[in-house]
Number of protein chains: 2
Amino acid sequence: MKDVLPIAASSAEDIVAHLTEAVHDHRVLPGMKLSEDEVGDIFGVSRTVVRQALRAMAHGGLVSIERNRGAFVAKPSVKEAREVFEVRALLEPQTARAAAERATPADVALLEDHIAQEHAALAADKAGLALKLSGAFHVEIARIADQRTIEAFIGQLVSRSSLVIALYWQRRNALCESHAHHALLDAFRHNDPDQAEDLMKGHLLDLVSQLNLRETRDETTSLRDALLG
Amino acid sequence: MKDVLPIAASSAEDIVAHLTEAVHDHRVLPGMKLSEDEVGDIFGVSRTVVRQALRAMAHGGLVSIERNRGAFVAKPSVKEAREVFEVRALLEPQTARAAAERATPADVALLEDHIAQEHAALAADKAGLALKLSGAFHVEIARIADQRTIEAFIGQLVSRSSLVIALYWQRRNALCESHAHHALLDAFRHNDPDQAEDLMKGHLLDLVSQLNLRETRDETTSLRDALLG
DNA sequence: GAAACCCAGATCGTATACAATCTGTGCTAG
DNA sequence: CTAGCACAGATTGTATACGATCTGGGTTTC
């Protein structure tokens with residue numbers, strides 16, 4: 001079981017993309033060790049490029065690097081978790097407003113497809129995949145708003161949100177957000193900035209309200225199993 | 001002139017700090033080439049650590065890396081320049097509000113010292129230094145607001161703002177912002193969130209209004225001269 | 001004379017080797 | 001039996017070496 005074929009990825013960006021996706025759909029969980037050798041084995045590259053990837057992810061807040069100890073998937077504290085959603089609450093409503101002003105039929109179609117995939121993922125009981133798509137939806141809105149700087153920031157915040165959700169989500173009600181996304185889609189379709197802004201604001205509040213920002217949780221799994229299994 | 005003593009800096013973070021400072025006070029200008037060998041010589045480290053530093057700065061938007069061509073100090077486009085200040089307008093007024101709510105006498109004293117240094121720099125005709133301090137002032141406000149995530153973002157935005165100012169500033173009136181900072185300080189001293197928010201909003205609008213977001217400018221200087229001369 | 005081509009120098013990209021640091025295990029002393 | 005220490009294995013940090021790619025100048029050809 002040691003050398004299944006490595007994942008096709010040569011560049012550091014590929015590795016970042018793969019690992020980030022794995023974190024987004026909760027195949028890789030907060031606290032997991034990302035050993036340079038192991039990652040290098042899995043992707044079939046040398047440690048040099050692995051280190052580039054890990055440091056890049058560290059800059060995005062997805063990974064924390066401890067000197068002489070290695071890289072770990074970040075475990076945001078309760079304070080950091082709050083901060084992430086506070087910043088999102090500052091950035092995203094206004095961004096949704098701008099997106100609603102600019103959204104073209106092509107944009108709407110793309111978001112529709114996004115939501116359809118989310119539904120399919122939920123139907124197939126792939127909660128992780130649905131979560132990843134849900135995050136991408138938010139980033140896509142920033143793209144539609146034609147705000148690349150904000151898009152990059154929201155990308156980071158969505159990544160960290162995945163970590164926060166992995167740590168602090170209370171499962172009592174399954175994720176019903178696709179409803180919120182559908183409502184947002186309507187606002188975009190009708191180019192209604194006011195409603196888009198309000199809906200986004202409410203959506204983010206909803207998300208935070210479903211978190212339990214008191215206790216922490218702990219889990220550990222093999223990185224190799226998470227990525228290749 | 002080839003081997004003046006290298007700047008004392010061993011770690012990648014030191015190099016990032018030095019180079020970032022140099023950019024902030026306009027000793028290093030947009031478009032300047034940051035050759036790995038040259039930077040390594042200047043700081044007395046190997047290319048390995050230089051690359052770490054340059055990639056880190058690239059993630060912050062201060063440097064742009066072109067594959068097989070090298071690293072250059074970023075030259076934000078007019079669109080990026082607008083975006084930077086649009087994001088700042090979203091983040092900073094609210095942050096100033098939070099800071100005004102939390103500011104302690106110690107915080108106020110620290111900001112006072114900051115402003116005093118700014119004045120001294122302006123009096124000594126060190127416009128670059130004054131600019132750097134002015135940016136640090138904004139970051140300090142985020143720290144007082146106890147928002148580390150926002151602090152990091154504003155740090156990035158201030159960095160890029162330095163580049164924008166280097167490219168698009170129209171010099172017709174010298175930078176009189178220390179006045180705006182003084183007004184903000186008063187709002188913090190009296191714990192007046194409303195006024196702090198308004199002042200910050202106006203301050204940012206002022207800054208943008210003093211930019212000429214139409215033409216670009218070009219200049220080139222030796223990195224070594226900029227850092228060591 | 002101008003354009004296309006080719007080659008040399010320089011610069012970056014990646015891999016590998018070695019040094020520094022940490023973790024955990026087993027031993028020893030109290 | 002427990003606490004402290006020391007050493008071995010593992011992992012990361014840094015430097016260096018080599019290969020790939022780009023830039024610019026000089027030559028050739030039309």
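To find a chain, count down the sequence lines: A is the first, B the second, and so on, and within it residues start at 1. Worth knowing before you read on, the calculation uses all heavy atoms, side chains too, and leaves out hydrogens, waters and symmetry mates. The structure presented is a predicted model; accordingly, all values stated were derived computationally and were not measured.
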Does a side-chain N or O from B:S46 land closer than 4.0 Å to OP1 or OP2 of D:dA15, or not? yes

Using whole Å, report how far CZ of B:F43 lies from P of D:dT14. 15 Å

Closest approach of A:T149 and B:L157, non-hydrogen atoms and distance? CG2-CD2, 4.3 Å

Could you tell me the separation between the CD atom of A:E38 and the P atom of D:dA10, rounded to a whole number of Å? 14 Å

How many whole angstroms separate atom CD of A:E66 from atom P of D:dT12? 11 Å

Non-hydrogen atoms of B:E13 and A:R55 that approach each other most closely: OE2-NH2, 4.5 Å

Establish, with yes or no, whether the OP1 or OP2 oxygen of C:dT23 is under 4.0 angstrom from a side-chain nitrogen or oxygen of A:R69. yes

Separation of atom CD in A:E36 from atom C1' in C:dT21, rounded to whole Å: 13 Å

note: B:E13, atom CD; D:dT14, atom C1'; distance rounded to Å ~ 14 Å

For residues 76-87 of chain B, pull every pair meeting salt bridge (charged side-chain N to carboxylate O under 4.0 Å, His left out), keeping only residues two or more places apart or in separate chains. A:D146-B:K79, B:K79-B:E83

Between D:dA15, D:dT12, C:dT14, which one does the side chain of B:T48 approach most closely? D:dA15

Residue whose closest nucleotide on DNA chain C lies nearer the 5' end, B:N68 versus A:N68: B:N68

Any idea how A:F137 and A:H181 line up, ring-wise: parallel (<30°), tilted (30 to 60°), or perpendicular (>60°)? parallel

Using whole Å, what does the distance between atom C1' of nucleotide D:dT11 and atom CG of A:D41 come to? 14 Å

For D:dT23, does OP1 or OP2 lie under 4.0 Å from any side-chain N or O of B:K33? no

Atom CD1 of B:I65 and atom C1' of C:dC12 are separated, to the nearest Å, by 10 Å

Using a heavy-atom cut-off of 4.0 Å across all strands, would you classify B:R47 as base, sugar-phosphate, or nothing? base

